[in-house]
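Each remark here refers to the structure printed beneath this line.
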Protein chains: 2
Amino acid sequence: MAFNKKEEFNPKEQSLAAFAKAISHPARIAILNVLAKRNECICGDIVELLPLAQSTVSQHLKELKNAGLIDGNIDGPRSCYCINWKAFEKFNTEFNSLFTTLKVKNEKACC
Amino acid sequence: MAFNKKEEFNPKEQSLAAFAKAISHPARIAILNVLAKRNECICGDIVELLPLAQSTVSQHLKELKNAGLIDGNIDGPRSCYCINWKAFEKFNTEFNSLFTTLKVKNEKACC
DNA sequence: ATCTTATATCGCAAATATACGATAAGCAAT
DNA sequence: ATTGCTTATCGTATATTTGCGATATAAGAT
């Protein structure tokens with residue numbers, strides 16, 4: 001039991017869910033905020049702004065990167081991260097389209 | 001270790017993360033779609049549309065309800081679920097506001 | 001009262017996520 | 001070559017999620 005059944009859903013559902021999962025932890029939202037508050041790639045010091053250990057922050061960064069929400073140049077010391085706006089916008093659109101599709105079709109819901 | 005540190009983040013981050021978590025599984029997105037495709041509360045038959053056991057679907061419905069995304073009249077047999085548009089819209093706004101704030105501040109990112 | 005049907009809940013197993021400390025890896029400067 | 005700094009990865013513990021079958025519950029039908 002408890003096999004992963006996620007693949008049995010359609011690609012749109014999967015990709016939106018994956019995006020949601022990427023931002024489903026306050027730490028990762030906080031990281032995105034930190035990255036966005038600067039007009040430049042941020043190198044390090046995210047750790048000091050979060051109540052988490054360095055290794056944990058590194059893990060969250062990795063997840064954001066795997067989800068394609070941020071880009072990172074991991075060159076030796078002083079890695080450099082910044083938000084991948086294209087991906088972010090793509091998913092934003094995807095989310096909104098789901099939302100509005102739902103909205104339109106269901107104006108006269110019963111409860 | 002592995003204590004839950006989510007409470008140490010600010011409320012906005014927590015609430016957005018909680019919403020994202022609610023829709024972070026394809027099954028739950030699929031359920032929202034099913035609920036939205038009808039102009040009435042749907043009673044049951046969601047189970048038939050998903051590749052999951054009845055008990056599992058029930059669990060996902062519960063999570064969506066806990067997150068406030070759907071309302072449900074659980075009156076004996078034939079429970080009745082439908083989308084809570086207010087909550088959904090609230091979170092949509094919240095998400096967009098995060099997104100646009102980020103966007104504006106970071107037009108000239110370096111990578 | 002009993003049966004049927006629909007849904008929720010319980011109990012459990014397996015998978016994933018969260019978090020940390022310890023350690024490795026990479027490079028700059030000495 | 002060694003030191004120091006920054007970041008990634010490994011190993012591990014614990015928590016949470018996912019999923020199912022079995023069982024309970026609730027109400028309508030017989």
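Here is how names work: the chains are called A, B, and so on, in the same order as the sequence lines, proteins then strands, and each is numbered from 1.
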In this structure, how many angstroms lie between the [atom2] atom of [N] and the [atom1] atom of [X], rounded?
X      : N       : atom1 : atom2 : result
E63(B) : dT17(D) : CD    : P     : 7 Å
N66(A) : dT16(C) : CG    : P     : 14 Å
H60(A) : dT16(C) : NE2   : P     : 18 Å
E7(B)  : dT16(D) : CD    : P     : 10 Å
Q54(A) : dC5(D)  : CD    : P     : 15 Å
Q59(B) : dA13(C) : CD    : P     : 16 Å
L52(A) : dG21(C) : CG    : C1'   : 14 Å
K21(A) : dT18(C) : NZ    : C1'   : 12 Å

To the closest 0.5 Å, what do you measure between [atom1] ([X]) and [atom2] ([Y])?
X      : Y      : atom1 : atom2 : value
L52(B) : S58(B) : CG    : OG    : 12.0 Å
N66(B) : E63(B) : CG    : CD    : 7.5 Å
I70(B) : L32(B) : CD1   : CG    : 7.0 Å

Under the side chain to side chain donor-acceptor pair (under 3.5 Å) test, residues paired with S55(B) that sit two or more places apart =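 S55(B): no side chain to side chain donor-acceptor pair (under 3.5 Å) contacts found.
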Counterpart residues, side chain to side chain donor-acceptor pair (under 3.5 Å), relative to Q14(A) (two or more places apart) |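 In terms of side chain to side chain donor-acceptor pair (under 3.5 Å), with neighbours along the sequence ignored, Q14(A) is linked to no residue.
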Given [options], the nucleotide with the shortest approach to the side chain of [X]:
X      : options                  : answer
Y81(A) : dA19(C), dA8(D), dC20(D) : dA8(D)
K5(B)  : dT9(C), dT18(D), dA19(C) : dA19(C)
K62(A) : dT9(D), dT9(C), dC20(D)  : dT9(D)
S79(B) : dA8(C), dC20(C), dT18(C) : dA8(C)

Is a salt bridge present between E94(A) and K12(A), judged by a nitrogen-to-oxygen distance below 4.0 Å?
->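 Judged by the 4.0 Å cut-off on N to carboxylate O distance, E94(A) and K12(A) do not form a salt bridge.
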Toward the 5' end of DNA chain C, which comes first, D45(B) or R28(A), by nearest nucleotide?
->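 Result: D45(B).
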Is there a donor-acceptor pair under 3.5 Å between the side chain of R28(A) and the backbone N or O of A22(A)?
->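 Here the side-chain-to-backbone pair exists.
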How far does the helix from dA1(C)-dT30(D) to dT30(C)-dA1(D) bend, going by the axes of its first and last five pairs, to the nearest 10°?
->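 Overall, the helix from dA1(C)-dT30(D) to dT30(C)-dA1(D) bends by 10° from one end axis to the other.
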side-chain N/O T56(B) vs dC20(D) OP1/OP2, d < 4.0 Å =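 Answer is yes, contact under 4.0 Å.
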Are OP1 or OP2 of dT18(D) and a side-chain N or O of N4(A) less than 4.0 angstrom apart?
->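 False: N4(A) side-chain N/O out of range (4.0 Å or more) of dT18(D) OP1/OP2.
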